[in-house]
Amino acid sequence: TDSFNYASYHTLDEIYNWMDVLVSEQSNLVSKINIGSTFENRPIYVLKFSTGGTKRPAIWIDTGIHSREWVTQASGIWMAKKIATDYGKDAFITSILNEMDIFIEIVTNPDGFHFTHTKNRMWRKTRSINSGSSCVGVDPNRNWDAGFGGAGASSNPCSETYRGPRANSESEVKSIVDFVKSHGNIKAFISIHSYSQMLLYPYGYTKTPAPNQQELHSLARKAIDALSSLYGTSYRYGSIINTIYQASGGTIDWTYNQGIKYSYTFELRDTGRYGFILPANQIIPTAQETWLAITTIMEHTYNNPY
Amino acid sequence: QKIFVGDQVLRIVTKDMEQVTLLKDLEELENLELDFWKGPTHPDFPTDVHVPFASLQAVKVFLESNNIQYSIMIEDLQSVVEEEKIQIIRSRSIEQMRN
């Protein structure tokens, strides 16, 4: 994996091959788990970083549930390599991994991602067929069982924010739900998107503040301070509903309600020049600065067991 | 394969909530096939929308007639996508040579 070009965008096959190489290079640390399959029958993989034990406290990171957000998946690859490289060399990563596991789902929407590389670069949704409609796909970030069907999601299959026929109707979502429930010991859940430069915490479906809002807010500020320290990138942070808009059925609202206190979602670069076609030379700086925010959240999770 | 020749991405800046509401109305017009990259939320935050070539005139007339400010963030979406494809191919061939 040292010869892999982290400063370029890659296809699904290339990413899946890279995962296999990483696992074979560091089989004592990294393993690949198949948590389900997509509508078009592609496997859904999660990389597990672990130094032993079962169902230890864990940190979850997923990238690219909206397939067209390519800098997100690319950042996920860089971060996975960073963890693998730093273990045993960097004191912080080593101490985290000596007590906790880290899960990274790099391509959270494989059908959509493949579609962006082959048919429609701007595809956002899954590729499931909607009965009674010619429009394809569900917005997987409106398909979770948290305020499902409420405001901030569409009931129209042709909309980019179509919520789907029912909560968890998308196998890409259901696979994570099943995994999180069966694991039962995930302490931080970080879901990464692009591009609006924000760090958000629950809730999106209701204006009611999350019970841990104060702690989540101050940790978000700390994480953004760390992120901005590298290249001066400015981020907004706050609850989803107060910072962007009301959105029901979102990922981290469900994880928070599931009892995962440190539930955050990122919106990575861009500053408003390229949008989802952020040039590849921005991948590494984006991943580097994001990593600083993520390690801040990891460190807080590690130091504040619950 | 979907192409985006002549499609533009507009960055729209609203001055009050009334204009935000107008943009939300625009979002509802499905025949325009708009793709809101950043949805209309608050006058403090810009809205970015991908407009297919066929809807450009209608959208620009709507914005201008309502005195809503906008700038062109991406002039021709297809040309940027093409550039991205070239970059990917180039990087792949460099990798193959290195291997």
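Here is how names work: the chains are called A, B, and so on, in the same order as the sequence lines, proteins then strands, and each is numbered from 1.
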In terms of heavy-atom proximity below 4.5 Å to chain B, should [X] be classed as side chain, backbone, both, or neither?
X	result
A:T243	backbone
A:R121	both
A:E14	side chain
A:Y195	both
A:W123	neither
A:T161	neither
A:R236	side chain

What I'd like to find out is whether the side chain of A:W70 reaches to under 4.5 Å of the side chain of B:E84, using heavy atoms alone. yes

So, do A:T11 and B:I88 sit near enough that their side-chain heavy atoms are less than 4.5 Å apart? no

Atom [atom1] of [X] with >12 non-hydrogen neighbours under 6.0 angstrom:
X	atom1	value
B:F53	CZ	no
B:Q69	CD	no
A:K119	NZ	no
A:I284	CD1	yes
B:E82	CD	yes

Turns out that what part of B:R90 lies under 4.5 Å from chain A's heavy atoms comes down to neither

Spatial distance of atom [atom1] ([X]) from atom [atom2] ([Y]) [nearest 0.5 Å]:
X	Y	atom1	atom2	answer
B:W37	A:E160	CH2	CD	11.0 Å
B:K24	A:Y245	NZ	OH	10.5 Å
B:S79	A:I277	OG	CD1	8.0 Å
B:H42	A:N242	NE2	CG	10.5 Å

Most heavy-atom pairs under 4.5 angstrom with chain A, which of B:I74, B:I3, B:V9? B:I74

Which pairs pass salt bridge (charged side-chain N to carboxylate O under 4.0 Å, His left out) with one or both residues in residues 29-56 of chain B, sequence neighbours excluded? A:R68-B:D35, B:R11-B:D48

Who are the side chain to side chain contact (heavy atoms under 4.5 Å, CB included) partners of A:T38, not counting sequence neighbours?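 If we apply the side chain to side chain contact (heavy atoms under 4.5 Å, CB included) test to A:T38, skipping adjacent residues, the hits are A:E40, A:R42, A:I44, A:P110, A:D111, A:E172.
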
